[in-house]
Enquirer: 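Take a look at the following structure, please.
Here the structure is a predicted model, which is why all the values come from computation and not from measurement.
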Amino acid sequence: MLSEPRSGRLAAWGNALLAGLVSPDDAALAIVGEDTVHRVEGLPGESAQVGLTLALGRLRALGTTGLRVALPTPGHPLGLSGPPEFNARALEAEEAVVCFGAAFGLVPQVHEAGPAGDVHAEVVWQVLPVREAPPADVPSLGEAERELAEALREATEVLSKLDVAGSGPVAEAAIDAYRARSERGREVLAPGYPPRAMRVLELAQRVGLLVSLAHGRGHGAAVTSAEMAARSEALRPVERTARRAQVAAYNSIVEERERGVR
């Protein structure tokens, strides 16, 4: 969770486009981000890969009124609704976008090339049929915000107890640097999202970063395999909470629209 998932960019800026808040070119540029190119494959009516602007327009014509994010992991089909083939593809990629209003989903396939420090990523979004049903285990924004506040406390306590380097000034410096990069390089979410969704997403990314630091910055006091396993076990529910909150933030516009708020 050190960076914004590609499915998040596609859903957020796709929702802004569907709401008429951004132009097709601006949406496509934001979705591609630092990647080289994004293409879409398997779109109904198209025998070859097409660009993002054409694909988003075609999905709208097919009935899509919103885009949801799924961030599944083994044993946790977060944001998915089936069928099994789509769920399996999404689980392999650890992310997907699910259309609201049309029974389609998109799963990214990422192809990277180039030397370290100059890697170019090309993304092909595979369009697959999905089951039109409520997504699995996605909380409301209010629930996500409450859960995140507790998760942040739990993460800090766990890392301090296990004497992990990521629990003190090192973690704070890394978080500050990450936040500065994020503020320079992108908007949080996209036009049309409520401030609460932006707040929840930022906090979810902070919690996710703490978990990543715990796994990637030395062993601290967890010098045995049993202690390292205990650390992972203790942090697993914290990481799950952060992923649930990310999905809640990205999906908030669609959920409000479905409830008739918008």
Enquirer: Rounded to the nearest 0.5 Å, what separates atom SG in C99 from atom CG in L67?
Expert: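 Atom-to-atom, C99:SG and L67:CG are 5.5 Å apart.
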Enquirer: For the side chain of Y193 and the backbone of Y250, is there at least one donor-acceptor N/O pair under 3.5 Å apart?
Expert: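 Yes.
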Enquirer: Roughly how far apart are E41 CD and S47 OG, rounded to 0.5 Å?
Expert: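 So the CD of E41 and the OG of S47 are separated by 10.5 Å.
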Enquirer: Are the charged groups of E92 and R89 less than 4.0 angstrom apart, N to O?
Expert: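 No salt bridge links E92 with R89.
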Enquirer: Minimum heavy-atom separation for P5 to E95, with atom names?
Expert: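 Distance-wise, the nearest heavy atoms are CB-OE1, 3.5 Å.
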Enquirer: Using a strict threshold of under 4.0 Å (side-chain N to carboxylate O), is an ion pair present between R240 and D137?
Expert: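 Salt bridge: no.
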Enquirer: Between V98 and V107, is there shared hydrophobic-cluster membership here, with clusters defined by ILVMFWY side-chain heavy atoms closer than 4.5 Å?
Expert: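 As far as the 4.5 Å side-chain criterion goes, V107 and V98 are connected within one cluster.
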Enquirer: Check whether any side-chain heavy atom of Q126 lies under 4.5 Å from a side-chain heavy atom of L106, and answer yes or no.
Expert: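 No. Closest side-chain heavy atoms not under 4.5 Å.
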Enquirer: Here's a test for you: under side chain to side chain contact (heavy atoms under 4.5 Å, CB included), which of V50, V40, L10 qualifies with L56?
Expert: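 Checked V50, V40, L10 against L56; only one passes side chain to side chain contact (heavy atoms under 4.5 Å, CB included): L10.
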Enquirer: For the pair R243 (side chain) and P72 (backbone), establish whether a donor and an acceptor sit closer than 3.5 Å, ignoring hydrogens and angles.
Expert: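 Not confirmed, R243 side chain does not pair with P72 backbone.
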Enquirer: I want to check something: taking the side chain as every heavy atom from C-beta on, are P139 and R146 in contact at a cut-off of under 4.5 Å?
Expert: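 No, every pair of side-chain atoms sits at 4.5 Å or beyond.
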Enquirer: Could you tell me which residues satisfy salt bridge (charged side-chain N to carboxylate O under 4.0 Å, His left out) with R196, sequence neighbours excluded, listed by chain and number?
Expert: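 Counting only residues at least two positions away or on another chain, R196 forms a salt bridge (charged side-chain N to carboxylate O under 4.0 Å, His left out) with E145.
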Enquirer: With heavy-atom distances below 4.5 Å as the criterion, would you say the side chains of Q246 and L71 are in contact?
Expert: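 Yes, side chains in contact.
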Enquirer: State which residue, out of V69, V138, T73, fulfils the side chain to side chain contact (heavy atoms under 4.5 Å, CB included) condition with L78.
Expert: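 Of the listed residues V69, V138, T73, the side chain to side chain contact (heavy atoms under 4.5 Å, CB included) partner of L78 is V138.
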Enquirer: If you define the side chain from C-beta out and look only at heavy atoms, does anything of S7 sit under 4.5 Å from P108?
Expert: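 No - every pair of side-chain heavy atoms lies 4.5 Å or more apart.
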Enquirer: When rounded to the nearest 0.5 angstrom, what is the spacing between CG in L141 and CG in L148?
Expert: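 Here the rounded value is 10.0 Å.
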Enquirer: What heavy-atom pair brings E256 and P194 nearest, and what distance separates the two atoms?
Expert: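 Scanning both residues completely, I find the closest heavy atoms to be OE2-CG, 4.1 Å.
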Enquirer: Check whether any side-chain heavy atom of V97 sits under 4.5 Å from a side-chain heavy atom of W125, and report yes or no.
Expert: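 Yes, close enough: below the 4.5 Å cut-off.
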Enquirer: To the nearest 0.5 Å, tell me how far L43 CG sits from L62 CG.
Expert: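 Nearest 0.5 Å value for the CG-CG distance: 6.5 Å.
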Enquirer: Looking at N87 and G82, what are the two nearest heavy atoms and their distance?
Expert: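 Looking at all heavy atoms of both residues, the closest pair is OD1-N, 3.1 Å.
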Enquirer: Find out whether D35 and R6 are in side-chain contact, i.e. whether some heavy atom of one side chain is under 4.5 Å from a heavy atom of the other.
Expert: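 With C-beta onward as the side chain, the pair touches.
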Enquirer: Is there a path from V123 to I31 through hydrophobic residues (I, L, V, M, F, W, Y) whose side chains come within less than 4.5 Å of each other?
Expert: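 They do share one cluster, since a chain of ILVMFWY contacts under 4.5 Å joins V123 to I31.
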Enquirer: Looking at E143 and R244, does any basic side-chain N land under 4.0 Å from a carboxylate oxygen?
Expert: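 No salt bridge links E143 with R244.
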Enquirer: Should V37 and V119 be counted in the same cluster of Ile, Leu, Val, Met, Phe, Trp and Tyr side chains packed under 4.5 Å apart?
Expert: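 Result: no, two separate clusters.
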Enquirer: Using modelled atom types only, decide if a donor and an acceptor are shared between the side chain of N15 and the backbone of G66 within a distance under 3.5 Å.
Expert: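 Answer holds: no.
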Enquirer: State which residues pass salt bridge (charged side-chain N to carboxylate O under 4.0 Å, His left out) with D25; sequence neighbours excluded, sorted by chain then number.
Expert: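 D25 satisfies salt bridge (charged side-chain N to carboxylate O under 4.0 Å, His left out) with no other residue.
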Enquirer: Mark yes or no for whether R58, through its side chain, and P44, through its backbone, hold a donor-acceptor pair below 3.5 Å.
Expert: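 Here the side-chain-to-backbone pair exists.
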Enquirer: Hey, could you give me the CG/CG distance between L59 and L18, rounded to the nearest 0.5 Å?
Expert: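 Reported value, rounded in 0.5 Å steps: 8.5 Å.
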Enquirer: Report yes or no: do L54 and V22 belong to one cluster of Ile/Leu/Val/Met/Phe/Trp/Tyr joined by side chain heavy-atom distances under 4.5 Å?
Expert: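 Linked within one cluster.
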Enquirer: State whether the number of non-hydrogen atoms from other residues, nucleotides or ligands found under 6.0 Å of E94 atom CD is greater than 12.
Expert: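 Check fails, neighbour count at 12 or below.
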Enquirer: Can you check whether S81's main-chain N or O pairs, donor with acceptor, with R131's side chain at less than 3.5 Å?
Expert: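 Answer holds: yes.
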Enquirer: Which heavy atom in A197 sits nearest to a heavy atom in S252, and how many Å separate them?
Expert: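 Smallest heavy-atom distance, with atoms named: CB-OG, 3.5 Å.
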Enquirer: Considering all heavy atoms of both residues, which atom of M198 and which atom of A190 are nearest to each other, and what is their separation?
Expert: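 In terms of heavy atoms, the two residues are closest at CE-O, 4.5 Å.
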Enquirer: Once you round to the nearest 0.5 Å, how far does NE2 of H38 lie from CZ of R9?
Expert: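 It comes to 5.5 Å.
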Enquirer: Could you tell me which non-hydrogen atom of L80 sits nearest to which non-hydrogen atom of A90, and how far apart they are?
Expert: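 Scanning both residues, the minimum pair turns out to be CD2-CB, 3.8 Å.
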Enquirer: Under 3.5 Å, is there a donor-acceptor pair between the side chain of E112 and the main chain of E122?
Expert: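 Checked: no pair found.
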Enquirer: Under a 4.5 Å side-chain heavy-atom rule over Ile, Leu, Val, Met, Phe, Trp and Tyr, are L91 and V127 clustered together?
Expert: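 No, L91 does not connect to V127 through the hydrophobic network.
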